[in-house]
Amino acid sequence: MKYSRSLIRTLKEEPKEAETKGHRLLLRGGFIKQLAAGIHSYLPLGWRIILRISQIIREEMERIGAQELLLPAISPRNIWEESGRWQEFGDDMFRLKDRKGRDYCLCPTHEEIITEIARAKIKSYRDLPQIWFQIQTKFRDERRPRFGVIRSRQFIMKDSYSLDIDEAGLDHNYALHEEAYRRIFKRCGLEFEVVEASGGLMGGGESKEFIARIDGGEALIAHCTRCNFQADTEAVLGKGEFFTGEDSPISEVATPQQRTVEEVSDYLDVSRKNLVKSIFFTAPDKPPILILLRGDYEVNENIIKAKFGFSYNPASPEEIVKFFNAEPGFIGPVGIKDITIYADDLLKGTRGMITGANKNGYHIRGLNIDRDIKVSEFLNLRKVKSGDRCTKCGGKLELYQGLELGQIFKLGTKYSAKLDATFLDEKGQLRPIIMGSYGIGLERIMACACEQKADESGIVWPISIAPFEVYLLILNPEEPMIKKVADEITQSLTHSHFSIIIDDRDLSAGIKFNDSELLGIPMRVTIGPRGVKENRFDIYIRETKKTISCSRAQIVEECVRIKQELYRRLNV
RNA sequence: CGGGGCGUGGCGCAGUGGUUUAGCGCGCAUGGUUCGGGACCAUGAGGUCGUGGGUUCAAAUCCCACCGCCCCGACCA
């Protein structure tokens, strides 16, 4: 590819919409272009990277026996009604109507469609197991798209689905996927961790996430410093330390304008642990519930939704006033009759606590949980925080931020049961298919490589996913002698199957050197008058910043050697 | 959805009631000099100042509404 004929347009100045390093570099290098919030075009350079990532994924999926297919991106409403997710997805789902007014969605994921195929095609235990995968665009109307391509509303995902006759089969396919995913991310040159996760809206049982450690990443991972156990804080149930106040009679205390845990604990000069905060959850189709948590913890909404239903959300201020006759910040569990109360298990048996009085400007002191209120169940409802104890070994948990590259789920029969995807077993019994679901975000691999590998001069693409392997930088490209040498070197590199971007632009040298580094092409061969005259050519390795000089005859073999070395570093 | 910020040639910005052609840097075009790390000179093209209303003799500038984008907060690839 000749640079002069290409659609590569680098930007000298930083695009103002970009916040993270990786996003800035992808925009500056002209890999992507934003069309609207969370919606991007992949320009030729960016698309080449996506294609190379796709190829690695295909190879690894085929290695575990998966078959590629392609499902529609648009789906009629009925199968989503059958699974219940037409409601569960809520505003995250893009919806549209056809000319006859029938409802459709742009698929946010494909479990329903896979299950629909399975119920038509899979009839016998002899048809199983199966693994099906696709690489396709997904649509999710995220409440807040951000970080460029990392959290977007249209994105490319490799999703695969395993179909089995029993749990043992699922365990096997789940393990195969974990292994395939490890190989994929390694081959793409990424550093990552595998952590325990929660099923979320996908549902079902066991789940793992593949997380790249990145500051500012959206996932918060708890890591045990003793036994090395790692889990997403959305899922992990760490142990907290018990705390209780002094036993005392209940009494009201004026706390004018003091609403938040911070304000009340400062105003009354007590620890945050001494407060009980009340979070009111409502759902359109279910009775409201009141959640109690100690003041120093946050509610884990994942647990609430999984336990009580996905339609539950924190109530609006209007709803709170309606049910409690007090404003947010002053509500509490004392004297509540018609609302079921669930409390975090750290509150069990606590005395002398402080909570809202259901009266504006007042709190209650001396709350004794067992004596004063009726808790229907004590559960772990809190988010883990730094310093909590590991549930496995009791070691201290530390938290770090990460980017989720992929996730694997054991679905079980969640979808097959609802959509009636069954098979006849060897005894002639009708049984639901046991399913697993597995996803990888392709753009996230690209973005993650940028975040992890870039330096002050630009991107450093791992050789395995680089848009080109060699950047042929030609100085004085109009000079006939140089042009001739460059053509010959291009030919011999092409014969050795290198992908090459030839910078034949008639620009000053600095621009070309800087662009080659910004674009992150692994190797750069410079062809200029000096080299041609002295038969000495420089090969610059982007990753190590080392330059190797060699004669013209040695260029190809040097490049081959460097390429092998770069692949070896991926350590697959 | 709540809070904060921003919309002016392709990109980054200045101009915040009144010099008839709305500026600057980069980029782009043409010619020339350069040419191993973002060169220089000359000439030139390109903008209904996000959209729609309103106020005014006069609006990029003031007011209202809407749209869009970015950032911070309850989700996921």
Side-chain angles (χ1 to χ4, degrees), chain A residues 9-20 23 27-28 30 33-39 89-92 108-109 135-138 140-159 181 197-202 207 209-211 216-220 232 234 279 281 298-302 304-305 310 312-314 316-317 383 403-409 437-445 447-448 457 473-479 482 506-518 526-533 536-538 540 547:
Chain A
R9 299 287 184 278
T10 58
L11 298 172
K12 197 187 276 186
E13 298 189 68
E14 308 247 303
K16 67 172 174 182
E17 78 248 30
E19 199 62 18
T20 65
H23 188 201
L27 288 170
R28 276 193 62 206
K33 172 158 190 341
Q34 180 168 326
L35 176 64
I39 301 176
F89 262 106
D91 290 339
D92 283 354
T109 174
I135 295 174
Q136 203 218 27
T137 303
K138 299 278 186 280
R140 293 183 195 172
D141 194 359
E142 294 287 342
R143 37 167 68 88
R144 183 145 108 79
R146 57 180 146 177
F147 307 137
V149 106
I150 286 178
R151 161 147 255 102
S152 56
R153 297 194 293 170
Q154 166 176 343
F155 59 97
I156 302 169
M157 178 165 152
K158 186 290 297 179
D159 45 325
Y181 277 31
S198 88
L201 199 47
M202 293 303 159
S207 177
E209 286 171 336
F210 297 76
I211 299 282
E218 292 185 278
L220 194 59
D232 194 303
E234 301 289 350
I279 301 147
F281 278 82
E298 299 296 323
V299 65
N300 187 333
E301 285 192 34
N302 262 11
I304 304 294
K305 286 174 190 264
F310 285 98
Y312 275 105
N313 275 304
S316 67
K383 275 192 186 169
L403 168 64
E404 187 190 329
L405 299 166
Q407 187 166 10
I408 57 179
F409 302 91
S437 141
Y438 315 88
I440 292 179
L442 296 243
E443 295 98 328
R444 285 189 173 181
I445 293 180
C448 183
S457 23
L473 194 154
I474 308 174
L475 299 162
N476 298 16
E478 304 302 316
E479 189 82 29
I482 290 177
D506 191 14
L507 295 172
S508 65
I511 294 177
K512 299 199 259 194
F513 281 113
N514 283 326
D515 275 345
S516 79
E517 281 150 33
L518 172 64
T526 304
I527 299 166
R530 196 180 73 198
V532 170
K533 196 171 141 207
R536 214 175 62 102
F537 295 87
D538 289 343
Y540 175 81
T547 300

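Order of the sequence lines sets the chain letters (A, B, ...), proteins ahead of strands, with each chain counted from 1.
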Distance, rounded to the nearest Å, where [X] contributes [atom1] and [N] contributes [atom2]:
{"X": "A/Arg143", "N": "B/rC75", "atom1": "CZ", "atom2": "P", "value": "6 Å"}
{"X": "A/Glu218", "N": "B/rC75", "atom1": "CD", "atom2": "P", "value": "12 Å"}
{"X": "A/Leu27", "N": "B/rG10", "atom1": "CG", "atom2": "C1'", "value": "14 Å"}
{"X": "A/Met157", "N": "B/rC76", "atom1": "CE", "atom2": "P", "value": "12 Å"}
{"X": "A/Asp91", "N": "B/rC1", "atom1": "CG", "atom2": "C1'", "value": "9 Å"}
{"X": "A/Lys512", "N": "B/rG38", "atom1": "NZ", "atom2": "P", "value": "13 Å"}
{"X": "A/Ile511", "N": "B/rC28", "atom1": "CD1", "atom2": "C1'", "value": "13 Å"}
{"X": "A/Phe89", "N": "B/rC76", "atom1": "CZ", "atom2": "C1'", "value": "9 Å"}

Next item on the list: Only counting residues at least two apart or in another chain, list the ones meeting side chain to side chain donor-acceptor pair (under 3.5 Å) with A/Lys158.
Entry: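 Side chain to side chain donor-acceptor pair (under 3.5 Å) check on A/Lys158 returns A/Ser160, A/Tyr181.
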
Note to self: I'd like to check the side chain to side chain donor-acceptor pair (under 3.5 Å) partners of A/Glu301; sequence neighbours left out, ordered by chain and number.
What the structure shows: none

If you look at every strand shown and take non-hydrogen atoms under 4.0 Å, does [X] touch a base, only sugar-phosphate, or nothing?
{"X": "A/Arg28", "answer": "base"}
{"X": "A/Ala18", "answer": "nothing"}
{"X": "A/Glu234", "answer": "base"}
{"X": "A/Lys16", "answer": "sugar-phosphate"}
{"X": "A/Glu298", "answer": "nothing"}
{"X": "A/Glu142", "answer": "base"}
{"X": "A/Gly528", "answer": "base"}
{"X": "A/Glu404", "answer": "base"}
{"X": "A/Ile150", "answer": "base"}

Could you please name the partner base of [N], counting Watson-Crick and G-U wobble pairs only when both distances are under 3.5 Å?
{"N": "B/rC13", "result": "B/rG23"}
{"N": "B/rC66", "result": "B/rG50"}
{"N": "B/rG73", "result": "B/rC1"}

Note to self: Stacking between B/rG38 and A/Phe513, yes or no? Criterion: centroid separation under 5.5 angstrom, plane angle under 30 degrees.
What the structure shows: no

Next item on the list: Side chain of A/Asp515 only, please: which of B/rG38, B/rC76, B/rA77 is the nearest?
Entry: B/rG38

Notebook entry, point to check: Choosing from B/rC70, B/rG36, B/rA77, which nucleotide comes nearest the side chain of A/Arg444?
Noted result: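 Nearest to the side-chain atoms of A/Arg444, counting from C-beta on, is B/rA77.
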
Notebook entry, point to check: With respect to the phosphate group of B/rG73, does any side-chain polar atom (N or O) of A/Arg146 fall under 4.0 Å of OP1 or OP2?
Noted result: yes

Notebook entry, point to check: Do the side-chain N or O atoms of A/Arg9 get closer than 4.0 angstrom to the phosphate oxygens (OP1, OP2) of B/rG10?
Noted result: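 Looking at the OP1 and OP2 atoms of B/rG10, neither is under 4.0 Å from any side-chain N or O of A/Arg9.
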
Determine the interatomic distance between [atom1] on [N] and the same-named atom on [M]; round to the nearest Å.
{"N": "B/rA29", "M": "B/rG73", "atom1": "C1'", "answer": "49 Å"}
{"N": "B/rG50", "M": "B/rG68", "atom1": "C1'", "answer": "7 Å"}
{"N": "B/rG54", "M": "B/rA14", "atom1": "C1'", "answer": "28 Å"}
{"N": "B/rG17", "M": "B/rC28", "atom1": "P", "answer": "36 Å"}
{"N": "B/rC70", "M": "B/rC26", "atom1": "C1'", "answer": "23 Å"}

Quick one: does [X] reach the base of [N] with a side-chain donor-acceptor pair under 3.5 Å?
{"X": "A/Glu13", "N": "B/rG25", "result": "yes"}
{"X": "A/Asp538", "N": "B/rG36", "result": "yes"}
{"X": "A/Glu517", "N": "B/rG37", "result": "yes"}

Next item on the list: Select from A/Gly441 and A/Glu14 the residue whose nearest nucleotide in RNA chain B is closer to the 5' end of that strand.
Entry: A/Glu14

Notebook entry, point to check: So do A/Asp141 and A/Asp91 actually touch side chain to side chain, heavy atoms under 4.5 Å?
Noted result: no

